[in-house]
Amino acid sequence: LNLYDTERNPEKVKRLLELDEIKSRDLIVGPLFMDEFAVVKQYSLKEEIAVINPISSNPEFIAGNPRALLFQASFETIGRRSAEYLASLNLNKPCMVFYDHTTRDSIIANAFRKRASDLKIPIALFREIPKENSALLTSILVTPTRYDKWRNPVDFSLKRDSIGSIFVAAESELIFTKVITAVDSRNEDIKIIGHESWLDKPGMDLIKFEQLGIALAAPNHISQVNQSYAQFERRYLAIHKTLPTIYARLGFEFALFLGTRLNESDADAFDVISKSGKNNGWLTFGFDYSSTKDNQLVPFMSFEGGELVRKF
């Protein structure tokens with residue numbers, strides 16, 4: 001194992017790749033950022049050395065390189081799995097899809113739409129909503145058309161019982177909180193599907209997440225009552241005098257996954273990982289590389305009794 005600091009400098013990466021010791025390596029881990037990765041991609045293609053990114057879900061890291069892997073589920077996989085989870089609920093009603101104008105959100109939303117089409121899930125509305133225009137969501141979902149005698153809305157331009165779910169492919173708090181508030185105000189059973197990153201936002205009303213049965217794609221979920229995590233946290237705290245960050249947790253999981261897989265076989269590193277199939281994780285739920293280039297295992301979590309519980 002050789003470690004190199006790229007200093008987030010593509011020129012430094014080029015110089016490192018000229019070292020003779022690199023040519024004898026079976027696998028390159030990283031770099032983590034796209035501006036550096038372009039250099040490594042060229043090298044990987046030329047020398048036929050496998051390369052894996054441990055933290056990114058961006059499919060650009062594996063595009064056009066048959067020797068590239070993602071440790072994470074790609075944005076496309078998250079979108080596909082979200083459609084498959086929705087199909088498993090058998091709601092038999094149309095779905096709405098909202099996303100921000102970011103590359104991440106667009107990839108997830110379009111992958112969801114394609115897989116939903118395959119699964120015969122009708123899409124009532126597929127709409128890009130820039131976070132600057134998030135007020136549009138209120139207009140779409142809860143424009144009232146009729147009130148009771150106390151001036152509480154009892155019907156809306158979006159008719160009751162006309163949709164069964166809303167897939168929100170956005171990380172922006174301005175967008176997903178508008179959807180949550182709108183669904184809550186409709187007082188109607190509409191399934192919201194989102195992403196675990198929502199929980200990182202300060203001030204989230206987790207009680208509302210449970211009341212509405214919101215489901216979150218959670219590829220990096222780590223249970224705080226996991227015994228393996230408790231041991232890792234104690235050791236990390238003893239050494240570093242602080243609690244582990246999400247990157248420390250992922251780094252630990254990645255190191256164990258990679259070391260275990262490579263120790264199992266002397267075969268080509270790319271084949272060992274990409275054909276390793278389904279395996280349990282140490283901190284996370286695990287991995288699924290069934291002849292794929294990214295992790296296909298995407299659990300979905302909802303709150304029950306104040307705890308996140310796996311639903312799919």
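With hydrogens and angles disregarded, no donor-acceptor distance shorter than 3.5 Å links the side chain of Thr181 to the backbone of Lys178. With Arg67 contributing its side chain and Lys41 its backbone, the two residues share no donor-acceptor pair below 3.5 Å. For Ser88 (side chain) and Tyr85 (main-chain N/O), a donor-acceptor pair under 3.5 Å exists by modelled atom type. Looking only at distances, no side-chain donor or acceptor of Ser117 sits under 3.5 Å from a matching main-chain atom of Arg113. In terms of modelled atom types and a separation under 3.5 Å, the side chain of Ser290 and the main chain of Gly277 share no donor-acceptor contact.
There is no side-chain donor-acceptor pair under 3.5 Å between Asp100 and Ser172. Counting only N and O atoms by type, the side chains of Ser197 and His195 include a donor and acceptor under 3.5 Å apart.
When each of Phe167, Phe126, Tyr99 is checked for a ring-ring contact (aromatic ring centres under 6.0 Å, His included) with Phe112, only Phe167 meets the rule.
Remark: Asp161 pairs with Lys93 by the side chain to side chain donor-acceptor pair (under 3.5 Å) rule, at least two apart or across chains. Every residue meeting the side chain to side chain contact (heavy atoms under 4.5 Å, CB included) condition with Glu21, not counting sequence neighbours, appears here in chain and number order: Asn2, Tyr4, Leu19. Remark: Phe270 pairs with no residue by the ring pair (Phe, Tyr, Trp, His ring centres under 6.0 Å) rule, at least two apart or across chains. Applying the side chain to side chain contact (heavy atoms under 4.5 Å, CB included) rule to Ala63 yields no partners; only residues at least two apart in sequence or on another chain are considered. For Gln42, there are no side chain to side chain donor-acceptor pair (under 3.5 Å) partners two or more places apart in sequence or in a different chain. With sequence neighbours excluded, the residues satisfying side chain to side chain donor-acceptor pair (under 3.5 Å) with Arg81 are Glu84, Gln296. Applying the side chain to side chain contact (heavy atoms under 4.5 Å, CB included) rule to Ala135 yields no partners; only residues at least two apart in sequence or on another chain are considered. Contacts of Glu7 classified as salt bridge (Lys or Arg N to Asp or Glu O under 4.0 Å), with partners at least two apart in sequence or in another chain: Lys12. Take Tyr247 and apply the side chain to side chain donor-acceptor pair (under 3.5 Å) test, not counting sequence neighbours, and it matches no residue.
Taking the side chain as every heavy atom from C-beta outward, Phe300 and Leu86 never approach each other to under 4.5 Å.
Using a 4.0 Å cut-off between a side-chain N of Lys or Arg and a carboxylate O of Asp or Glu, Lys275 and Asp268 do not qualify as a salt bridge. Salt-bridge annotation for Arg15 and Glu18: absent, with no side-chain N of the basic residue lying under 4.0 Å from a carboxylate O of the acidic one.
The ring of Phe98 has its center no closer than 6.0 angstrom to the ring center of Phe176.
Applying the salt bridge (charged side-chain N to carboxylate O under 4.0 Å, His left out) test to every pair with at least one member in residues 288-312, sequence neighbours left out, gives these pairs: Glu304-Lys311. Screening residues 132-147 for side-chain hydrogen bond (donor to acceptor under 3.5 Å, both in side chains) gives no qualifying pairs among residues at least two apart or on separate chains.
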Give every donor-acceptor pair under 3.5 Å between a side-chain atom in residues 250-261 and any protein atom, sequence neighbours left out.
unit_1	atom_1	unit_2	atom_2	d
Glu253	OE1	Trp282	N	3.3
Glu253	OE1	Leu283	N	2.8
Glu253	OE2	Trp282	N	3.2
Glu253	OE2	Leu283	N	3.3
Glu253	OE2	Thr284	N	3.0
Glu253	OE2	Thr284	OG1	2.6
Thr260	OG1	Leu256	O	2.7
Arg261	NE	Glu264	OE1	3.3
Arg261	NH2	Glu264	OE2	3.0

